Amino acid sequence: MMKEQSSLSYLYGTNVPYIEDLYEAYLSSPDSVDSQWRQYFDQVAAMPGSTPKDVAHRPIQEAFANLAQQRGGAAAGGVDFAAMQKQVAVLSLISAYRSLGNRAADLNPLDRTHIRQLPELDPKTYGLTDADMNTPFHVGTDLSGSPKLPLAEIIRHLKQIYCGPLALEYMHIPDTAEREWLQARLEANGARPQFDAETKRRILKEITAAETMERYLHTRYVGQKRFSLEGGESTVPALNHLIRASTEKGVQEIVIGMAHRGRLNVLVNTMGKAPQAIFDEFEGKVDAKFPSGDVKYHMGFSSDVPTPHGPVHLSLAYNPSHLEITNPVIEGSVRARQDHRGAEGRKQVLPILTHGDSAFIGLGVNQSTFNMSQTRGYSTGGTIHFVINNQVGFTTSDPRDTRSTLYCTDIAKMVSAPILHVNGDDPEAVCHAAQIALDYRTTFQKDIVIDLVCYRKLGHNEGDDPTLTQPLMYKQVAAHPGSRAVYAEQLIKEGVVTKEEAEKLISDYRAAMDKGDRIQEILPEQKREHAVDWSKYQPISWRTPVKTALPAAEIKRLADRFTTIPADVKLHNTVSKIIDNRKAMAVGEQAIDWGMAETIAYASLLEAGHDIRISGEDSGRGTFSHRHAVLHDQNRTERTGGVYIPLQHIGEKQGRFNVIDSILNEEAVMAYEYGYASSAPEDLVIWEAQFGDFANGAQIAIDQFITSGETKWGRWCGLTVILPHGYDGQGPEHSSARVERWLQLCAEENIQVLMMSEASQMFHALRRQILRPYRKPLVIFMSKRLLRLKDACSPLANFTDGEFRLVIGDTVQGRDQDVKRVILCAGQVYYDLAKARADKGLEKDIAIVRVEQLYPFPYEEVAAELKRFPNATEIMWAQEEPKNQGAWYQIRHRLEKVLGANQRLTTASRPASASPAVGYAVKHKAGLDGLLEDAMKL
């Protein structure tokens with residue numbers, strides 16, 4: 001090919017496409033090009049730090065064309081390989097800086113004299129010498145605004161842009177438009193912000209406030225924990241800059257998630273909490289308005305703050321010390337707020353998450369939260385992440401022991417998020433990074449990370465001595481003047497402020513702190529259109545009556561809507577049969593099963609205007625194939641997009657129905673749904689486990705939020721949790737939803753726990769959860785076996801009359817005086833007990849009572865049932881779980897309260913076990929036979 005074109009100049013502009021095609025052919029198959037070209041391209045690829053794909057093709061084209069013009073076009077004759085090799089070497093050097101410059105950047109406030117020297121950034125690596133430094137080369141227009149610069153100038157620009165106090169990692173992003181946007185944004189002004197003097201003075205004032213507050217508290221409350229922000233004070237001006245700039249983008253609400261480091265500082269200097277309120281917390285003078293409360297550096301706050309483009313509502317979420325678990329909670333809360341705002345929601349509500357360096361890379365909940373970030377059911381249109389990277393890692397750790405990656409932010413690369421590394425000693429660069437992050441999020445609706453490289457002036461807390469384990473680092477910390485001093489000195493040299501003005505900022509702030517006055521201006525609380533109103537749910541008794549039954553005609557009308565499927569949607573034969581059965585159930589021709597009971601409840605709530613959100617690993621179909629809320633078109637027509645969701649077609653003014661097959665995760669997803677439900681009291685929000693004991697993976701979310709959020713922080717939540725539970729011979733991991741753990745956490749009427757035995761109970765429970773003006777988390781232990789057990793199906797009359805039954809009494813009539821034993825139980829074991837009683841002919845001697853609500857415990861209803869049997873001297877609790885598990889040890893003290901004077905309490909169960917269930921079928925059957933034998937033995 002090359003020989004055929006030997007009479008032409010390959011540098012002539014019109015032949016550039018030919019060269020580009022040749023290069024593309026080489027990338028696809030090196031053997032497809034002439035050996036001379038292949039040898040040249042091989043040399044380019046072999047340069048350290050380079051790969052063929054790293055060399056941008058457009059600049060190569062421009063360079064070839066311009067070189068050709070300089071040399072007289074076609075008249076030049078032949079190819080100037082030496083010139084071309086130099087030009088491509090320069091492009092390779094530029095590419096290396098864009099890819100690797102961050103590794104040699106001026107990022108560490110403690111170690112600024114030992115910047116890494118990378119061979120990939122050395123011009124000599126690419127065959128460029130001192131003789132080339134004054135030679136002009138083409139660079140494209142992004143680098144400096146000029147398409148052509150001397151090599152020395154190119155290198156100066158590259159160092160300033162990619163190796164300064166703000167360094168960008170973005171070459172891992174596969175989307176070309178995003179890379180080009182980021183590259184242009186950083187290179188446009190040499191990676192430096194163009195702040196005016198007023199903005200610089202404001203930044204100085206804010207970083208002064210951050211430092212002075214910490215030092216003030218350190219002297220006023222000696223030795224008390226506050227988790228100081230000293231060393232990372234640039235966080236405050238950056239957050240404040242981000243908040244001010246966000247309203248120009250249309251943001252009306254910002255929800256912030258933050259662990260304890262720097263939290264008090266942000267509360268005062270960003271959120272506008274009065275310092276006096278902080279002092280009262282230090283001094284124990286706060287009103288103990290919550291049953292347990294929490295420590296001061298876990299507390300949340302909300303306020304409306306003014307900005308140049310209008311007010312914005314800020315919410316700093318409450319946070320436990322289980323680092324990072326608040327992140328999915330924030331995302332869920334943000335999604336709820338966005339959903340209720342409609343089409344503009346993603347634009348109007350912004351999530352900001354702050355992290356610690358070790359926690360960010362170390363805790364799996366962050367991987368899960370990133371994994372959710374671009375999925376349909378969980379995306380919030382991009383989150384801005386601040387990593388307060390103090391380079392230590394919790395209490396004593398060396399960075400070499402805290403991760404296996406180069407940067408603590410490498411976890412964000414899993415979603416191709418750009419990463420802005422920035423030196424915390426340069427608050428202007430930090431604010432610039434915040435502006436870029438906001439603009440990127442607005443443009444691309446994706447996550448972006450700011451890695452604020454700083455240090456921790458004190459120990460993990462104020463009582464900790466870091467020199468015990470970090471002696472060398474803390475010699476550097478002790479010698480560091482502080483970020484405020486560094487920046488003040490810079491502005492003094494620039495003539496922006498005088499030394500006296502800078503010092504006066506400190507004294508003015510201390511005076512304000514002495515008075516306890518609010519530092520950050522906030523606006524009077526005003527009614528917001530989309531504000532969440534919890535007032536009507538508190539205080540309300542769980543016994544508040546509510547009508548949950550529906551007229552038969554209403555059930556039929558709703559069923560007609562969700563069983564009418566468009567003619568062009570072809571259903572699977574199994575699903576088609578289910579739809580036909582539901583039509584028959586709606587008119588009373590068949591008893592109603594659990595799937596139909598759920599669906600009627602959902603349809604009725606949707607028509608009443610309530611939104612419904614269900615998520616879990618198989619929620620659309622249901623793990624046990626009972627729900628079929630999402631119907632998959634076997635023909636996958638273009639009109640349906642492959643699915644049809646009947647509950648989205650109930651009525652014109654219905655609520656939204658969103659059912660999500662979640663990522664394979666429990667911890668982050670449950671926490672997300674908790675956050676969503678906490679911001680959407682009118683919605684039915686459900687998290688469903690694939691198997692009940694999979695909730696084990698979410699135990700932190702359960703302990704720290706679902707069961708204790710109200711007593712610690714006064715945070716109300718109506719999340720419904722559905723946990724498949726039941727001993728069906730499926731082994732240790734598919735049997736138990738750990739009833740005992742949930743009941744152990746029950747106190748102060750914090751949650752509701754149900755273990756139901758009939759389909760109609762599911763219908764009434766779901767409707768009760770929303771129609772009753774009572775919002776507490778609802779935990780449903782749902783039997784897998786009962787989903788299809790005919791005896792557990794319910795007649796239509798159970799839906800048209802009655803309500804949720806806390807207790808279902810014995811069904812045998814006419815022998816109450818003869819009963820010797822009353823068995824109390826919950827869930828599917830009832831049917832095993834009833835069958836065993838019938839087989840042994842013991843209906844006259846034994847009564848079986850179902851306790852459908854385990855908490856809050858229905859004392860009155862259980863006592864009333866026991867009074868039916870005045871001659872029963874033995875009350876037995878029967879459960880299919882091992883004796884040390886299940887409800888027994890957590891319910892025994894409640895049962896003792898309702899015993900009569902002549903009654904004793906016993907139990908029947910499987911033997912105590914270290915495992916939730918056995919894995920051998922023969923042992924499973926023996927365990928069931930044994931507990932039934934004990935229950936029936938008088």
Side-chain angles (χ1 to χ4, degrees), residues 173 175 177-178 181-182 185 239 242-257 302 304 307 309-317 326-354 368-386 412 415-418 434-450 528-532 611-613 615 641 648 655-660 662-663 668-669 671-680 682-683 685:
I173 300 174
D175 186 86
E178 291 181 44
W181 186 95
L182 288 159
R185 185 61 184 272
L239 280 176
L242 179 57
I243 290 164
R244 280 189 293 269
S246 68
T247 53
E248 187 177 5
K249 307 293 184 183
V251 173
Q252 297 179 15
E253 279 191 87
I254 298 176
V255 186
I256 304 172
S302 64
D304 292 318
T307 79
H309 303 282
V312 61
H313 183 73
L314 305 180
S315 297
L316 179 64
T326 194
N327 298 339
V329 175
I330 298 300
E331 299 293 347
S333 176
V334 167
R335 178 62 181 258
R337 297 166 194 247
Q338 292 175 341
D339 286 350
H340 282 270
R341 285 175 174 268
E344 293 294 302
R346 301 288 174 88
K347 176 181 177 181
Q348 294 175 351
V349 188
L350 169 68
I352 299 175
L353 298 178
T354 68
S368 306
T369 304
F370 273 122
N371 196 24
M372 291 191 290
S373 66
Q374 290 298 308
T375 61
R376 292 176 296 175
Y378 303 97
S379 175
T380 55
T383 298
I384 297 176
H385 301 263
F386 272 94
V415 292
S416 301
Q435 184 68 58
I436 294 172
L438 176 64
D439 294 344
Y440 174 86
R441 189 263 182 185
T442 303
T443 304
F444 296 104
Q445 297 282 286
K446 293 177 65 178
D447 287 38
I448 185 168
V449 178
I450 298 169
R528 291 178 294 116
E529 181 183 354
H530 300 282
V532 177
D611 293 348
I612 295 176
R613 176 185 170 91
S615 77
Q648 292 180 348
R656 289 168 299 190
F657 180 76
N658 194 11
V659 59
I660 302 150
S662 75
I663 66 170
V669 177
Y672 187 104
E673 300 304 341
Y674 168 86
Y676 194 105
S678 296
S679 296
E682 298 288 341
D683 297 2
V685 182

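Predicted, not measured: the structure shown is a model, and the values here were computed from it.
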Atom pair OG1/CD of T369 and E331 - distance to nearest 0.5 Å:
7.0 Å

Side chain of [X], backbone of [Y]: donor and acceptor closer than 3.5 Å?
{"X": "T354", "Y": "G257", "answer": "yes"}
{"X": "Q252", "Y": "Q348", "answer": "no"}
{"X": "D683", "Y": "V685", "answer": "no"}
{"X": "Y440", "Y": "I448", "answer": "no"}
{"X": "D447", "Y": "T383", "answer": "yes"}
{"X": "S373", "Y": "F370", "answer": "yes"}
{"X": "S678", "Y": "Y674", "answer": "yes"}
{"X": "R656", "Y": "D339", "answer": "yes"}

4.5 Å side-chain heavy-atom contact, Q338 and R335
yes

Do I173 and L182 come within less than 4.5 Å of each other through their side chains, counting heavy atoms only?
yes

Just checking, R613 and Y676: is the charged tip under 6.0 Å from the six-membered ring centre and within 45° of the axis?
yes

side-chain contact (heavy atoms from CB on, under 4.5 Å) involving S379 - partner list, sequence neighbours excluded
R346

